[in-house]
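As structure tokens, the structure follows; a few thoughts come after it.
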Number of protein chains: 2
Amino acid sequence: MKPTVHDIARHAGVSLATVDRVLNGRAGVRGITRQKVEEAIASLGYVRDLAAANLAKGRTYRFSFVLPVNDNSFMIGLKREVEAAIGRSAAERTHMDIIEVPAFDAGALVAALEAVMADKPDGVALVAIDEPRVRACVERLADAGIAIVTLVSDLGASSRHHYAGIDNIAAGRTAGNLMGRFLSKVDDRVGVLAGSMMVRDHRERLEGFLSVLSEDFPQVAILPVMEARDDAGVAEAMVREALRRHVGLNGIYSLGAGNRGLIRALRDLAAETRPVVIAHELTTSTREALVDGTIDAVLNQDAGHEVRSAIRVLKAKADGLPVLAAQERIRIDIFLKDNLP
Amino acid sequence: MKPTVHDIARHAGVSLATVDRVLNGRAGVRGITRQKVEEAIASLGYVRDLAAANLAKGRTYRFSFVLPVNDNSFMIGLKREVEAAIGRSAAERTHMDIIEVPAFDAGALVAALEAVMADKPDGVALVAIDEPRVRACVERLADAGIAIVTLVSDLGASSRHHYAGIDNIAAGRTAGNLMGRFLSKVDDRVGVLAGSMMVRDHRERLEGFLSVLSEDFPQVAILPVMEARDDAGVAEAMVREALRRHVGLNGIYSLGAGNRGLIRALRDLAAETRPVVIAHELTTSTREALVDGTIDAVLNQDAGHEVRSAIRVLKAKADGLPVLAAQERIRIDIFLKDNLP
DNA sequence: GAATTTTTGAGGTACGTAAATCAAAAATAG
DNA sequence: CTATTTTTGATTTACGTACCTCAAAAATTC
């Protein structure tokens, strides 16, 4: 049987009250007595029953998710996953809410975080914007004893406790490796379709992609980056234009959103002249394109995993427990048409 | 505030005892009364507090892991993950033990399962051998009300409740797709290194691999399968022999264990003449080979995830709770040298 | 050694649920 | 209508921990 506080009391020859004082760091225990209790705890291998403790404390976890209002499939899916988690949280003693802020607006994000801080939740998960004001604000939250997890997009050199998202440099490198190997290896020219170079994830993906191509596939020429601001219409126009101008264009890496437009532009091409295409995020449209051969590979981050991981980490931090790094690592999924879920 | 049993009693105008009878399916409640209580439960949105319930019941989960004694890195890692989970389970009310059985021995596996059944655990996870006697035995365990999860290797058409492992046909197809695209596309010859065609995973991987190659890359010729019985020494000899005999061999798919031998055989080759190599399971040696370019891609199943998923599922089944399919899907990881964890 | 402060013990209540007992009430059978 | 059975209520204890109070004991100060 698992030892309880009663066992410790008996074993240490003290009362239950004293054990409680030691366990919960309350004052009024002599050093010698404290030591006796601690020895008993160690020798019996006592671990506090968190469920019973939370029940007694009437503890409830309160977490806030600060998400950007964004109409791309990924962000919509992310919000849906948070809502699903909220739906399931009825059974657990967890209250979560979603706070929506305008996308790419650091000021609005900071304002939202300040508001969140006011009602002192146990933890906050946010899709970060990598900006000094945001970093400073996160610092304040952390100082206020609130657990902070960045979601999808990280914050450089800040006091966030955890990042639930993929390594975007590695993702870009992976795309570069696949691109280099999928190409026919003669006179290759590759285009990159991005959302905006203002966003950290996109910058990092591009960085990784370019570095692998230049290191391992120096024969590949890279065209100027197309910035389509994650807009399908703009993306379509840009890709059409690029295909027209560069007849030998035989590779496209789409590292942002707006893939619907890219796919529309590609569908017109004959299968033989189709470039190798690698895109990000598995959505209805990229999935379809993968199946019918318009896209060759999709790199994906699983929004559901990210949300569940964020919640696990917030809970662990709130309890002062360690996090299982291996479990919480968000992986870069590589989907070909043969391993679709 | 979350409604409690007291709220239900008040709302339904019955006593606590009656609510308890309804909630726990005890006899002695008239249909009309039962209905009143159920309506109160529905209208208040009551969900039983599992932590409190388990505390009151003094419930402990007892699970058994039946693992093959096998000296390859993957199985050693799997066992280590189970041990790690056992180590963490101190905090939860969960008792788990590991039962080791000789590998590839259906009789021994059945005997072990029978022994396990004798002390009536709440759940059993096993690395299955796809064999009629095993299927029948699993059937008996399930009938005895024990939750059954197959781990890594599944059981066809049986009454196991869940499979915590990858789709091996999809894994083989993925390997085939990557192989077809990585090859130079002229006069390609590919060798397959397997453990044994007696094992379901290996058969399925081969099946998927061959079907993709014949569908999408018909110009690729496939040499007879080398069965190295997951032994590094045998694998090394076979690969050396194949490389000697078939000068144009430019692709190798290693779908089983014993990669250490494969890598030894490959290291002797000049980088230019090195075939495209795709292997399974990320271990110290395959990881090293990936980094130095001896292996081009590694397909992996995360043993840690499989074990944690198995435990979550066993617990859910023991509680009669639904399983979150999206969370429990074990993914086929594709590792290139650029996205190593 | 007395007065004061600090430490410890004993005991209770609470959290939300399970499970039991026994008596009271209601329904059904004869 | 009585006897019997079934249903319901009231109450209690328990799970393991937290947190509180009050008194007793021990240590410290003067």
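In this text, all values refer to a predicted model and were calculated from it rather than measured experimentally. Heavy atoms only: backbone and side chains are in, while hydrogens, waters and symmetry mates are out. Below, chain A is the first sequence line, B the second, and so on; all start at residue 1.
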Exercise for the section: Find the distance A/Leu55:CG to D/dC19:C1' and express it as a whole number of Å. Expected result: 14 Å
Practice task
Round to the nearest Å and state the distance from B/Asn54 atom CG to C/dT17 atom P.
Solution key: 12 Å
Handout entry: Under 4.0 angstrom between B/Arg48 side-chain N/O and C/dA18 OP1 or OP2
Key = yes
Practice task
Report which part of the nucleic acid B/Ala53 touches: base, sugar-phosphate, or nothing (heavy-atom distance under 4.0 Å, all strands).
Solution key: sugar-phosphate
Handout entry: Whole-Å gap separating P (C/dA18) and NE2 (B/His6)
Key = 12 Å
Handout entry: Comparing B/Ala17 and A/Leu16 on DNA chain D - which has the more 5′ nearest nucleotide
Key = B/Ala17
Exercise for the section: Could you check how far CZ of A/Arg93 sits from P of C/dG16, rounded to whole Å? Expected result: 7 Å
Handout entry: Side-chain touch A/Arg135/A/Asp130, heavy atoms, less than 4.5 angstrom
Key = yes
Exercise for the section: Between D/dG16, C/dG16, D/dG9, spot the one nearest the side chain of B/Thr18, thanks. Expected result: D/dG9
Handout entry: Minimum-distance nucleotide to B/Lys57 side chain [options: C/dC15, C/dT17, C/dA18]
Key = C/dA18
Exercise for the section: Return yes if some donor-acceptor pair links the side-chain N/O of B/Asn300 with the main-chain N/O of B/Leu282 below 3.5 Å, else return no. Expected result: yes
Exercise for the section: Measure the distance from CZ on B/Arg59 to C1' on D/dG16 and round it to the nearest whole Å. Expected result: 17 Å
Exercise for the section: Rounded to the nearest angstrom, tell me the gap between atom CZ in B/Arg10 and atom C1' in D/dG9. Expected result: 16 Å
Practice task
Could you tell me whether the phosphate oxygens of D/dA10, OP1 or OP2, come under 4.0 Å of any side-chain nitrogen or oxygen in B/Ser15?
Solution key: no
Problem - A/Leu50 CG - C/dG16 C1' separation (whole Å) - result: 17 Å
Problem - Near-strand residues of residues 20-32 of chain B, defined as heavy-atom separation under 4.0 angstrom from DNA chain D - result: B/Arg21, B/Gly28, B/Val29, B/Arg30
Problem - A/Asn24 (side chain) donor-acceptor with A/Arg26 (main chain) under 3.5 angstrom - result: no
Problem - Ionic contact status for A/Lys315 with A/Asp122, cut-off 4.0 Å - result: no
Handout entry: Heavy atoms of other groups near A/Lys120 NZ, more than 12 under 6.0 Å
Key = no
Practice task
Report yes or no: do A/His305 and B/Arg331 form a side-chain donor-acceptor pair below 3.5 Å?
Solution key: yes
Fill in the blank from the handout: note: B/Arg34, atom CZ; D/dT7, atom C1'; distance rounded to Å ~ 11 Å
Practice task
Please confirm whether A/Arg59 makes a cation-pi placement over A/Tyr61, using NZ or CZ under 6.0 Å from the six-membered ring centre and within 45° of the ring normal.
Solution key: yes
